Amino acid sequence: MLKIVAAVIGRDLKLAMRRQADIVSALFFFVIVVSLFPLGIGPEPDLLRKLAPGVLWVAALLATMLSLPRLFADDHRDGTLEQLALAPHPLGLVVLGKVVAHWLVSGLPLALLAPVLGLQFDLSADALLVLTGAILLGTPALSGIGGIGAALTLGLRGGGVLLSLLVLPLYIPVLIFGAGAVDATVTGLGPEAHLSLLAALTFAALGFAPWAAAAALKIALE
Amino acid sequence: MLKIVAAVIGRDLKLAMRRQADIVSALFFFVIVVSLFPLGIGPEPDLLRKLAPGVLWVAALLATMLSLPRLFADDHRDGTLEQLALAPHPLGLVVLGKVVAHWLVSGLPLALLAPVLGLQFDLSADALLVLTGAILLGTPALSGIGGIGAALTLGLRGGGVLLSLLVLPLYIPVLIFGAGAVDATVTGLGPEAHLSLLAALTFAALGFAPWAAAAALKIALE
Amino acid sequence: MIHWNSFADFLAMGGYAGYVWGSFGATALILILEPLFIIRRRKETISRLKRQMRAELASSSRNSVE
Amino acid sequence: MNARFHLYHYASPATFYPLAGKLIPVFAALAVVFGLAGLYLGLLVAPTDFQQGEGYRIIFIHVPASWMSMFIYLVMAFWAAIGLAFNTRLSGMMATALAPTGALMAFLSLWTGALWGKPMWGAWWVWDARLTSELILLFLYIGFIALQSAIDDPRRADKAGGVLLLVGVVNVPVIYFSVKWWNTLHQGASVSLTQSPSMATTMLWGMLLMALCFWMYSIAVALMRVRTILLERERHTEWVKEMLAGETK
Amino acid sequence: MLEAHNLECVRGERRLFAGLGFRLEAGELLYLQGRNGAGKTSLLRMLIGLLPPEDGEIRWQGESIKSLADEYRGNLCYLGHHNAIKEELTPLENLMAAARLAEEEISEDDALDALEQVGLAGREDLACKYLSQGQKRRVALARLVKEKRLLWVLDEPFVALDVAAVAWLAGLIGAHLQRGGLCVMTTHQPVDIPAGAVKELRLS
Amino acid sequence: MLEAHNLECVRGERRLFAGLGFRLEAGELLYLQGRNGAGKTSLLRMLIGLLPPEDGEIRWQGESIKSLADEYRGNLCYLGHHNAIKEELTPLENLMAAARLAEEEISEDDALDALEQVGLAGREDLACKYLSQGQKRRVALARLVKEKRLLWVLDEPFVALDVAAVAWLAGLIGAHLQRGGLCVMTTHQPVDIPAGAVKELRLS
Ligand code: HEM
Ligand SMILES: Nc1ncnc2c1ncn2[C@@H]1O[C@H](COP(=O)(O)OP(=O)(O)OP(=O)(O)O)[C@@H](O)[C@H]1O
Ligand SMILES: Nc1ncnc2c1ncn2[C@@H]1O[C@H](COP(=O)(O)OP(=O)(O)OP(=O)(O)O)[C@@H](O)[C@H]1O
Ligand SMILES: [Mg+2]
Ligand SMILES: [Mg+2]
């Protein structure tokens, strides 16, 4: 059971390392999108401080989402996905492995980078800490839910945009609790409630999403 | 000369119609990203009115960018791009056609939808008009510059994210003038200066980008 | 000539020690590390190329089988 | 093979490699000399700034780093243009070799600027025109490096990087002015760099020396890097094989 | 071992075949024939359980493959029109990863040996995107070299291969059959497979 | 008409061939041979001007193809490993679009006729993604039916085709040569092309 998950993670990480550009670029996409907002909105620090949690979370959402289309597409195109579906173990485990790998490559680096960007928006140390924690807790849910979307849109042309259409509405709770946690810290209320809701979302997503995604993949392969 | 541009536009539009999902989804991506902000930031109308131009423009940038990776990738994968490069006319014209088609499918619908979204942010009628105008004027430049990025990253895995890394910094002037035009209307200064700069950017981009992109494509095909 | 009264003064930088030494330190670090990295990469490259060259010589004398 | 390159004698890798080897120590030594002199003037001799106290000494690295970061991009674009126009192999390698140094300079400019900004403005970062365009310049460097490292075939990487550089260099001024205009339109004089007025001559000299030091450093480092790149790319040519065989120390 | 009963295949509005049945025992080769678009690939995808038949049933050792699921798939090796290799990975990495994902550990030596057999010696460490069309196909075929599963399902395995490779692959399939394996195969090229029992099935 | 002098091809660090030359006149077929990875596809891509040779020159009617550029490409028809068809479009639309992009108007009747010749009658209006592997290849080949350009460059055109289609295509190429056309081709399948002058070139 675990062995196959580990094998999938190992292979996907190796692929990611081979095209390092991927990881680095997702990070810089995050950085650039975050930096675009002040450029669009204007440089007043007070205004920016209020925007910070929302902007950072929206950017994290988008950065995660951007790498989703390729979660299964590459494997589908070159026939590997068929082989995975034919392997003698539940497809859900394979999907779980792929989702975890996706998080390691997208969510984790985002969490580590977020505090630096928070500085640009003049956030306090407390808020930065909560921001990192919230992103760490919330992004696995993004990868999980994203996995379902990626599986559903697999093989459909225009998948990338369709995918965001399906996935973004489902991301909204994560966005609200995530940005809410930082906001609560800034305004002096504790972030605990928000953070535990985020954790609950992540658990639910990781438990449920792989099986839903596996079902969707089987349909895509017919 | 014009015939080949028209032929390319015709074919690309037909393809886009065949996978309608594309157009609709780019629009919905735009709508969703714009709508995410009030969720991440909170519902104060004053704050939102200040954000509106920036948020709308950033969302437009991202929506345009999202469909860029496929500008040449599909043609590359199935061998059509080779055929286009072998046709007896300059490749730059083909690229121009594809860029125009891309704009018709992404930029134009965005411009038509933007005023509706602007209403959500409580913008005045004047501001809405200028917003539409600015997006109409600015998005061709986005498609043009994006074409260069798409050509440069063609065939590179991880291309989608790399592409945004290359292209977003170059989009910044469009963002600034575009958001600036709306802002200037809101604050009572006239938008003319901004709009004429946008037009200049668009002309420059459409004149220059196809040839740069064609050069990049030839490199990718080697 | 020298502007400082004591070495401690110099280190304190009029209360801006963290900022000034943070800048100079980071710069020094980068300007020293960059050449070192390049030198290391160069050495690795050279030894790798030599290894490859030896391997090529060996295989060409063994008469290649394709 | 060789006959083709006699036109560009010094652009021929086989000639350039030893030449660069001889030049590196010269530039490195100059960098050290200028650096020591500049640090002596800047850190030890120069007087306190009456507005900013001792914090202003960051200027001695901040300004040279900022200058270099912008200048290196121009030089890279120059090499890219030469490479695309005349198809010389060395030009592309020069651009590739310069990029990391340029990115580091941009990073240093940001880093020292941030460390300066905290005591002067009370914030690590403000969205000022100059700061913002320096940040974008860093993005451009990183984009170039990421693009080149995503392409395995070095010749293709050179050409693609060259196209990107030329597009970028057209855009840099556009970006700079757009950001500047955006910023000045929005707000009056809330934040702008406090120019140290009537810079003392020692300060000026210190800064000049440091700038020279950064110049020499960049040249030396770029030459070192280009030599390694040369070896890797030309490993199948006779001259590299001879050189490797000869260098059995 | 492998039986099909009364299979019907409908794609879009077109009935490709109906009432199709066969029975394949250990050591036998089923050679599917038919013009382009006759439904060969569709039939193979039914046999591996990816495409549910419109009607009829497929049985493996007497039991429906639908109820066997994982157990059946553990006996199955499929090679499709696509190569199922990653362009970024080297042949060696591709082979190792494929084995690991199929839960079959193979050692690096075994993998290198397999690659040598398919004629990729010297290219083990070159990313697959640089390989020629035929070399890519060979990487996909390298999986078969150490494959011990009973049922091989091969969709035009000879495509893009040069003459020497075609002969080698025919021998490999022959050896598999001799060991008591089963094979279902399509190809448009006339190929001589050194096997005892060849059944032919023509779709039309 | 088409000459190559002293061509050299280097991919990555591998020199695939050097000092290669040939001369092809009107009505002649050049049949490229060589094992997988020998460099056939690379040579074809040089001939069509997409891959600059490391050394050497290619001439069309005495002039370098580099200087001829558009003019040369107007005489050229290339069919690669990939089919260059859009999966969303129907065969008919694909054919019409390809012609328009190559600046060769053809009428819908002509296109329908070509599709019928390649055996796709009844599938003109089905999106290509539903076609079988061989049918997709046939859509790509339909371009050749009305093709009047002088030089055809075909990279393994017979792949995925069934026996009837192979014979048909061989006939088509033969007719092209009879009209005074030139053709450069690779294939691993033994195919009989009814042509007068066949030159063989073996890469190794
Ligand atoms: C992250 C923050 C900063 C960045 C990215 C930055 C960037 C730059 C750049 C690009 C230049 C060269 C401009 C040119 O020559 O046109 C420059 C020069 C300069 N900077 Fe900064 N800077 C930053 C923060 C600061 C701070 C906080 C101060 C002082 C309070 C400062 C003072 C100066 C001075 C005095 C010059 C040279 C004078 C001149 O050339 O006009 N900078 N900076
Ligand atoms: N939606 C659809 N509507 C009508 N026909 C369809 C549809 N989808 C598939 N088909 C037909 O089903 C057949 C699929 O054939 P399949 O891929 O199994 O052929 P094959 O025998 O493997 O051919 P080849 O030798 O070319 O690989 C084709 O004839 C195709 O035209
Ligand atoms: N970067 C590289 N490094 C080393 N070798 C490379 C590189 N890129 C391509 N090659 C080699 O170049 C050759 C390309 O061959 P090409 O595609 O022209 O072969 P082909 O004769 O068409 O083969 P096939 O019959 O399989 O289609 C392959 O042998 C491949 O391994
Ligand atoms: Mg088939
Ligand atoms: Mg080939």
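First the proteins, then the strands, lettered A, B, ... as listed; each starts at 1. This structure is a prediction, so every number in the text was calculated from the model and none was measured.
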Exercise. With a 4.5 angstrom heavy-atom cut-off, which part of D:I58 approaches chain C: side chain, backbone, both or neither?
Worked result: both
For this session: Assess whether side chain to side chain contact (heavy atoms under 4.5 Å, CB included) is satisfied between D:Y217 and C:E34, documenting all intermediate values.
Result: CA-CA 10 Å; D:Y217 168 85; C:E34 195 193 355; 2.5 Å; yes
Problem set entry | chain D contacts, top residue of C:S23, C:A26, C:G18 (heavy-atom pairs, under 4.5 Å) | C:S23
Exercise. Is the count of non-hydrogen atoms from other residues, nucleotides or ligands lying under 6.0 Å from D:W239 atom CH2 greater than 12?
Worked result: yes
For this session: Might you work through the side chain to side chain contact (heavy atoms under 4.5 Å, CB included) test for D:F60 and C:T27, ending with a clear yes or no?
Result: CA-CA 11 Å; D:F60 293 112; C:T27 310; over 6 Å; no
For this session: Show your reasoning for whether side chain to side chain contact (heavy atoms under 4.5 Å, CB included) applies to D:M224 and C:R42.
Result: CA-CA 9 Å; D:M224 283 163 75; C:R42 186 179 143 74; over 6 Å; no
Problem set entry | From D:E232 atom CD to C:L49 atom CG, the distance as rounded to the nearest 0.5 Å | 7.0 Å
Exercise. What is the minimum heavy-atom distance between C:G22 and D:L115, and which atoms define it?
Worked result: C-CD1, 3.5 Å
Exercise. For C:Y19, is it the side chain, the backbone, both, or neither that has a heavy atom closer than 4.5 Å to a heavy atom of chain D?
Worked result: both
For this session: Could you please spell out the steps behind the side chain to side chain contact (heavy atoms under 4.5 Å, CB included) verdict for D:R235 and C:R48?
Result: CA-CA 11 Å; D:R235 73 195 118 177; C:R48 196 184 71 231; 4.0 Å; yes
For this session: Look up atom CH2 in D:W111 and atom CD1 in C:I30, then write down how far apart they are to the nearest 0.5 Å.
Result: 8.5 Å
Problem set entry | Shortest non-hydrogen contact from D:V221 toward C:P35 | CG2-CG, 4.3 Å
Problem set entry | Point-to-point distance, once rounded to the nearest 0.5 Å, from CG of D:L244 to OG1 of C:T45 | 10.0 Å
Exercise. Where on D:L43 is there a heavy atom nearer than 4.5 Å to chain C: the side chain, the backbone, both, or neither?
Worked result: both
Seminar exercise, completed: Under 4.5 Å to a heavy atom of chain C? For D:M105 that would be side chain
